[in-house]
Amino acid sequence: MNLTEQVEQALESIRPYLLADGGDVAIEEITEDKVVKLKLLGNCGSCKMSFMTMKAGIEQAIMKAVPEITSVVSVNLAEEV
């Protein structure tokens, strides 16, 4: 199984929770230095809690399932300071 398939499998484990809230996530790319770039879709792209979802849910699921991943970022999530 390649890296993309492993990350996709990790996303499948949390996707039902995202779908339940009207959102989803898609892999944009996985860089050579093992950074996963994701795009938050549907409600996940505009939800105020999406940063927490990204860090606590999506990132944790991917990094636990695929230890060689160094970072998980969203290409369309504006981090609120």
Can you list the residues that meet the side chain to side chain donor-acceptor pair (under 3.5 Å) rule with Thr31, with sequence neighbours excluded? Asp33

Audit row: Leu38, Ile27, side-chain contact (heavy atoms from CB on, under 4.5 Å) steps and yes/no: CA-CA 5 Å; Leu38 300 174; Ile27 300 171; 3.9 Å; yes

Measure across Glu28 and Val75 and return the closest heavy-atom pair with its distance rounded to 0.1 Å. CG-CG2, 3.6 Å

Compare every heavy atom of Ser71 with every heavy atom of Ile69, then report the nearest pair and how far apart it is. CG2-O, 3.4 Å

Between the side chain of Asn76 and the main-chain N/O of Leu40, is any donor-acceptor distance below 3.5 Å? yes

Test item: Val25 and Leu41 side chains (from C-beta on) under 4.5 Å apart, heavy atoms: no

Could you give the distance from NZ (Lys64) to CD (Glu59), rounded to the nearest 0.5 Å? 14.0 Å

In a table with atom names and distances, give each donor-acceptor pair under 3.5 Å that connects a side chain of residues 1-14 to protein atoms at least two apart or in another chain.
residue, atom, partner, partner atom, Å
Asn2, OD1, Thr4, N, 3.0
Asn2, OD1, Glu5, N, 2.8
Glu5, OE1, Asn2, N, 2.9
Glu8, OE2, Arg15, NH1, 2.9
Glu8, OE2, Arg15, NH2, 3.4
Glu12, OE2, Arg15, NH1, 2.4
Ser13, OG, Ala10, O, 2.5

